[in-house]
Number of protein chains: 2
Amino acid sequence: MARPPLSPEAVEQFRQRLCELAMERIAEHGYDGLSLRGLTQALGCSYATPYRYFRDKQDIFAAVRALAYDRFAAAIEHAADGMGDPEARVYALTAAYVRFAQTAPHAYKLICELGLPGRDEHPEYWPKERRSWEIWVGEIQSAVDSGLLVGDPVEVAHVFWASVHGAVSLHLGRKLVLGVDVDTLVSSITRSLLFAYQPRRSPQ
Amino acid sequence: MARPPLSPEAVEQFRQRLCELAMERIAEHGYDGLSLRGLTQALGCSYATPYRYFRDKQDIFAAVRALAYDRFAAAIEHAADGMGDPEARVYALTAAYVRFAQTAPHAYKLICELGLPGRDEHPEYWPKERRSWEIWVGEIQSAVDSGLLVGDPVEVAHVFWASVHGAVSLHLGRKLVLGVDVDTLVSSITRSLLFAYQPRRSPQ
DNA sequence: CCGTTAATTAATCACCGTCAATGAAAATGT
DNA sequence: ACATTTTCATTGACGGTGATTAATTAACGG
């Protein structure tokens with residue numbers, strides 16, 4: 001005999017919409033550059049409305065981070081599905097990494113670029129960060145198992161990750177010199193590293 | 001017959017001290033996270049004092065950026081001086097890059113990590129950014145000229161830069177998995193890329 | 001209409017950049 | 001020694017914006 005509470009779907013929909021916009025604004029104007037007032041204005045609601053869906057601003061940040069982590073993991077998890085050739089799998093993995101950073105630069109910056117505060121205080125995201133890393137190192141592990149690469153999988157995974165991330169980072173920061181695009185750069189990096197870590201008779 | 005103005009050295013000293021602190025705070029709390037009030041409080045002076053040494057807040061940002069760029073260029077410019085072996089020169093270059101990021105992480109973040117000021121809005125720093133890049137690509141050019149590496153120097157320089165920057169970026173962001181340190185990671189990367197771009201009989 | 005919930009508005013408190021007014025400091029001329 | 005003059009630095013105030021909460025209004029189902 002009263003107005004019914006919002007359906008859980010409606011709640012989730014609002015949270016999703018807010019997180020999406022918040023993610024963009026954080027990636028563009030930095031962690032401290034997000035204001036509830038500007039956010040709600042762009043969202044078309046009053047600046048007190050989010051307090052029905054989130055405890056406070058910190059809670060919004062937490063939700064945004066969770067969203068970004070989940071998307072990143074999903075983007076690279078099935079990148080190499082259906083590919084039999086080990087080399088093609090590695091190329092697909094690094095290409096998927098770049099594609100994610102290009103199609104969702106805000107999410108990528110949020111994860112790998114901006115050093116978000118609360119990283120040490122909020123350990124609830126350690127598992128999500130760890131999962132992404134395990135997907136990545138697992139793919140490198142398969143490449144080693146298949147005989148495509150040699151070396152300690154963790155070390156090789158770090159080298160690949162650092163190099164690809166570096167290219168993506170420079171691209172997002174507009175540091176790449178004119179005429180160089182990130183796709184060919186990552187392709188060159190992948191090819192070079194595949195060559196460097198290939199199995200050979202006489203170790204270097 | 002009056003109180004003499006501050007000596008240029010004293011002025012420069014204050015500006016230096018302020019820029020140093022501002023650099024730290026910008027790297028930690030972001031470009032917009034710097035407040036004159038907190039800055040001056042940590043500096044031990046009143047919040048109006050900086051207006052004797054800088055026009056406004058924008059002017060402070062300009063000085064901080066100039067300082068960071070100059071230090072970076074100086075750090076890598078003479079990294080390979082006195083080394084005759086081309087391979088040793090490349091190792092010295094990447095090692096100097098990492099050492100700068102470790103000893104002056106705030107300056108490094110300001111230059112390569114936080115892309116906030118934007119070289120489109122503030123074109124006065126494009127020359128400084130360009131100079132650093134020219135030092136880097138010049139060193140790679142020498143390696144190509146000496147026969148250590150083959151390929152387009154600009155492309156090779158990008159690959160080396162992206163990879164080393166990626167390792168440094170992950171290190172500063174505390175993303176490296178426990179047990180992996182950035183020095184050995186960059187060493188591995190340098191070794192791998194030197195191997196990948198070495199001259200060989202049968203091109204890949 | 002009533003009760004309940006959602007959403008908006010108003011209000012509180014804190015902080016920031018900037019500048020005018022004010023006080024302190026220091027060297028010179030007497 | 002003292003007053004004067006120029007410069008330095010602090011304080012206080014203003015206009016603006018931020019987060020957050022209390023009070024108010026609108027929306028909906030019985």
Side-chain angles (χ1 to χ4, degrees), chain A residues 1-19 21-65 114 116-118 121-122, chain B residues 1-65 114 116-117 121-122:
Chain A
M1 65 171 191
R3 178 178 185 172
L6 286 178
S7 67
E9 305 91 50
V11 170
E12 199 51 39
Q13 184 181 337
F14 183 89
R15 288 175 59 102
Q16 185 94 357
R17 210 158 63 92
L18 189 145
C19 285
L21 233 169
M23 196 185 290
E24 294 180 16
R25 302 196 146 220
I26 293 174
E28 280 166 9
H29 304 103
Y31 178 79
D32 299 315
L34 181 75
S35 74
L36 279 196
R37 304 180 96 99
L39 183 64
T40 52
Q41 186 181 352
L43 219 132
C45 66
S46 166
Y47 40 79
T49 305
Y51 285 91
R52 298 243 154 229
Y53 301 86
F54 300 91
R55 195 159 28 76
D56 55 2
K57 206 179 174 184
Q58 289 283 349
D59 194 28
I60 293 179
F61 283 131
V64 170
R65 294 179 65 183
L114 274 73
L116 286 187
E121 306 98 59
H122 286 254
Chain B
M1 67 177 191
R3 177 180 187 172
L6 285 178
S7 66
E9 305 90 50
V11 170
E12 199 50 40
Q13 185 181 336
F14 183 90
R15 288 175 59 101
Q16 186 95 358
R17 211 157 62 90
L18 189 145
C19 285
E20 196 70 45
L21 233 168
M23 197 185 289
E24 294 180 18
R25 298 193 153 225
I26 293 174
E28 281 165 7
H29 305 103
Y31 182 77
D32 297 317
L34 180 76
S35 76
L36 279 196
R37 301 179 103 98
L39 182 64
T40 51
Q41 187 182 354
L43 218 132
C45 67
S46 167
Y47 44 80
T49 306
Y51 286 89
R52 299 249 154 221
Y53 301 87
F54 300 91
R55 194 159 30 77
D56 55 0
K57 203 180 176 185
Q58 290 282 348
D59 194 28
I60 294 179
F61 283 130
V64 170
R65 292 182 65 185
L114 278 72
L116 275 176
E121 303 98 59
H122 291 246

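Lettering of chains follows the sequences in order, A, B, ..., and the numbering in each one begins at 1.
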Over how many whole Å does the gap from [X] atom [atom1] to [N] atom [atom2] extend?
X: A/K57; N: D/dA19; atom1: NZ; atom2: P; answer: 4 Å
X: A/Y47; N: C/dT12; atom1: OH; atom2: C1'; answer: 12 Å
X: B/L6; N: C/dA26; atom1: CG; atom2: C1'; answer: 11 Å
X: A/Q41; N: C/dT8; atom1: CD; atom2: P; answer: 13 Å
X: A/H29; N: D/dT17; atom1: NE2; atom2: C1'; answer: 15 Å
X: A/L18; N: C/dA7; atom1: CG; atom2: P; answer: 13 Å
X: A/D59; N: D/dT20; atom1: CG; atom2: P; answer: 11 Å
X: A/D32; N: C/dG17; atom1: CG; atom2: C1'; answer: 17 Å

Is [Y] close to [X] at the side-chain level, that is, under 4.5 Å between some pair of heavy atoms?
X: A/Q16; Y: A/Q13; result: no
X: A/T49; Y: A/T40; result: no
X: A/L6; Y: A/F14; result: no
X: B/Y53; Y: B/C19; result: no

Would you mind telling me which of [options] lies closest to the side-chain atoms of [X]?
X: A/R37; options: C/dA6, D/dG18, C/dC16; answer: D/dG18
X: B/P5; options: D/dG12, D/dT7, C/dG17; answer: D/dT7
X: B/S35; options: D/dG18, C/dA7, C/dG17; answer: C/dG17

Review point. In terms of the nearest nucleotide of DNA chain C, which residue is placed more toward the 5' end: B/Y51 or A/Y53?
Key: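 Of the two residues, A/Y53 wins.
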
**Study point:** Most 5' of B/D56 and A/P4 on DNA chain C, judged by nearest nucleotide
**Key:**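 Nearer the 5' end of the strand: A/P4.
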
Practice item. Looking at every strand, decide which applies to A/L39 at a 4.0 Å heavy-atom threshold: base, sugar-phosphate, or nothing. Key: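 A/L39: no heavy atom of the nucleic acid under 4.0 Å.
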
Check your understanding: Which part of the nucleic acid, if any, lies within contact of B/L34, taking any heavy atom under 4.0 Å across all strands shown: a base, the sugar-phosphate backbone alone, or nothing?
Key ->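 Here B/L34 touches the backbone only, sparing every base.
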
Review point. Is a side-chain donor or acceptor of A/S7 paired with a backbone partner of A/A10 at a separation under 3.5 angstrom?
Key: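 Indeed, once roles are kept as given, a pair shorter than 3.5 Å links the two residues.
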
Check your understanding: How do A/R55 and B/T49 order along DNA chain D: which one's closest nucleotide is nearer the 5' end?
Key ->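 Upstream on the strand: B/T49.
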
Exercise for review: Could you pick out which residue, A/L36 or A/R52, lies toward the 5' side of DNA chain D when each is mapped onto its nearest nucleotide?
Suggested key: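 Whichever sits nearer the 5' end wins; that is A/L36.
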
Point to revise | Any B/S46 side-chain nitrogen or oxygen under 4.0 Å from OP1 or OP2 of D/dA9 | key: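 Looking at the OP1 and OP2 atoms of D/dA9, neither is under 4.0 Å from any side-chain N or O of B/S46.
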
